[in-house]
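Chain letters run A, B, ... following the sequence lines, proteins first and then strands; every chain starts at 1.
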2 protein chains.
Amino acid sequence: MANDVIEPTVSSGGARERGINRVLQVLEFLHARGEGVKIGALAKELQAPRSSIYNLVSSLAGAGLLEINAADSRVFFGKTMYLYGLNYMRENPLAKRARLEVDRLAKETGETSEFCMLQSGRYTIIHMCPGSRPFRISSAVGLQIPIPWTASGRLLLAGHSPDQISQLIHPRDFFLPDGRQIAIDDFQVAIAQARDDGYCLTKGLIDAYTQCLAAPIYNADGQVDATICLVLPIDADEHRVWDLRGQLVETASRLST
Amino acid sequence: MANDVIEPTVSSGGARERGINRVLQVLEFLHARGEGVKIGALAKELQAPRSSIYNLVSSLAGAGLLEINAADSRVFFGKTMYLYGLNYMRENPLAKRARLEVDRLAKETGETSEFCMLQSGRYTIIHMCPGSRPFRISSAVGLQIPIPWTASGRLLLAGHSPDQISQLIHPRDFFLPDGRQIAIDDFQVAIAQARDDGYCLTKGLIDAYTQCLAAPIYNADGQVDATICLVLPIDADEHRVWDLRGQLVETASRLST
DNA sequence: ATTGACTGTCTCGTATATTGGACATATGTA
DNA sequence: TACATATGTCCAATATACGAGACAGTCAAT
């Protein structure tokens, strides 16, 4: 009674999933894996009955949401998933508008420009338009990056309490690619700062040669729903960065509802 | 007994669907509809129990595959669907290569260029790159067009028997936008012709001002898996069309396994 | 104020989707 | 050749997801 522990979501052993949750498990796993997986391996990795996965995959493959490679019988996303997914970009009011603005920004500034959101607790690039520099930043649509590594991440967490933030982010994500560690306290301060400033600039975080400039897009409730950001070379002229900041914030506020 | 009718797939009333099939039903419906639908309407249109649809939608929305518009609570595809779908383009060997070739063709020829496949029995534009003409053909990725209206459609049906073809295509699809009807016999002949020629050219079918040039992509079994096609103005120089035909066929055969 | 239509949430009995296991083939390796 | 491991398909038993309906709340029209 003194310690009336809440059960950690699932009682014991392996989370037993059925029905639609199995479907979601499979899709999530394939997305995380990023390449085709054999059905057997899929069942093993998900700790699910082989027969269940066979049934499930053949249903999804029948609809074209998954495809089974004829050569090596690996399972991966199919063209129906692609076509369904395009509906999001075509119809979602925010995504639709943001895409146009991002493309415009990239064209006008010559810098790589991105539209980002949280997707199932992960920082995700929804749309990106490469800049015109010969050495391009390696970034891509669909890429998921640890939240603390990014300027956009700081803004996207603005509405969350420190506790939520600590829980949301895996400790390993506080280590940058080069091994440096971001102190969690500094991070919390940076988030508050970014919220108050209405933009965020991070220098040399993911790599030493770039700085990222991000601005928040608010939804009707005043929550940060998404961000747009520019990826700039670390030695960009300070006045120009300040000017770009203005453009970015202006664009973001136009995208806010 | 004289009229021992085969039961129309499901005994009585409405096709009773459960589990994963319900999921597929919902997604298919939303895709066909092309815009957000209220949950209640969704249940009504699918003739499904309201409570089932509520459960299903909230599961899918929880995963981000669907999203519920906060303002008017309409349901439509979500960003997770978009991100999952991108995996298809990123990883599918054929789609990946075809996209590059289509972009190249459009750039080199200045004409609208498309990559097409059958998706659940419907002719679908998987990727498109607009040409440089001032008056663009209105075509878009994800667009589904009645098979008989297109040059690609003729090639995609190459492997099917006349019976299969008749069954696959809805009678209404033999009527062109302007009301003209395509005779089914002529259509069958055109398919055989296209198969033998290894390409297909149709003039003024969808509209009077364009002709379409398509070439088949074969899979390992020698079946037509997909096509690439060019959309040209109806008065294009004949020699140029012949030259483009060569380029197109050559590109398609490079894409064939 | 009354009516009707719709939304979102919940409960409980039961039709059925899921599953463990069996089977026949295929692939690989000592 | 024999042995081990994986694939794809099928089946019967049963745990459970689904569906009918109840309920409270919202909105518009009369």
Touch check for A:Asn55, heavy atoms < 4.0 angstrom, all strands: base, sugar-phosphate only, or nothing?
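The answer is base, as A:Asn55 lies within the cut-off (heavy atoms under 4.0 Å) of a base atom.
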Please determine if a side-chain N or O atom of [X] lies less than 4.0 Å away from the OP1 or OP2 oxygen of [N].
X	N	result
B:Arg22	D:dG19	yes
A:Ser73	D:dG8	yes
A:Lys44	D:dA6	yes
A:Arg18	D:dA17	yes

In whole angstrom, what separates [X]'s [atom1] from [N]'s [atom2]?
X	N	atom1	atom2	result
B:Gln47	D:dC18	CD	P	19 Å
B:Ile53	D:dC18	CD1	P	10 Å
B:Leu56	C:dT9	CG	P	15 Å
B:Ile20	C:dT19	CD1	C1'	15 Å
B:Arg74	C:dC6	CZ	P	14 Å
A:Arg50	C:dT25	CZ	P	16 Å
B:Tyr54	C:dC6	OH	P	11 Å
B:Leu42	C:dT7	CG	C1'	14 Å

Residue B:Ser51, side-chain heavy atoms: nucleotide from D:dA22, D:dG21, C:dT19 that is nearest
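Selected nucleotide (nearest to the side chain): D:dG21.
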How many angstroms lie between atom [atom1] of [X] and atom [atom2] of [Y], to the nearest 0.5 angstrom?
X	Y	atom1	atom2	value
B:Arg104	B:Cys129	CZ	SG	11.5 Å
B:Ile147	B:Leu156	CD1	CG	7.5 Å
B:Met81	A:Asn87	CE	CG	9.0 Å

Evaluate the side-chain proximity of A:Phe76 to A:Val37: yes if any heavy-atom separation is below 4.5 Å, no if none is.
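A side-chain contact under 4.5 Å is absent here.
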A:Phe115 side chain reached by A:Ile125 side chain, heavy atoms, under 4.5 Å:
no
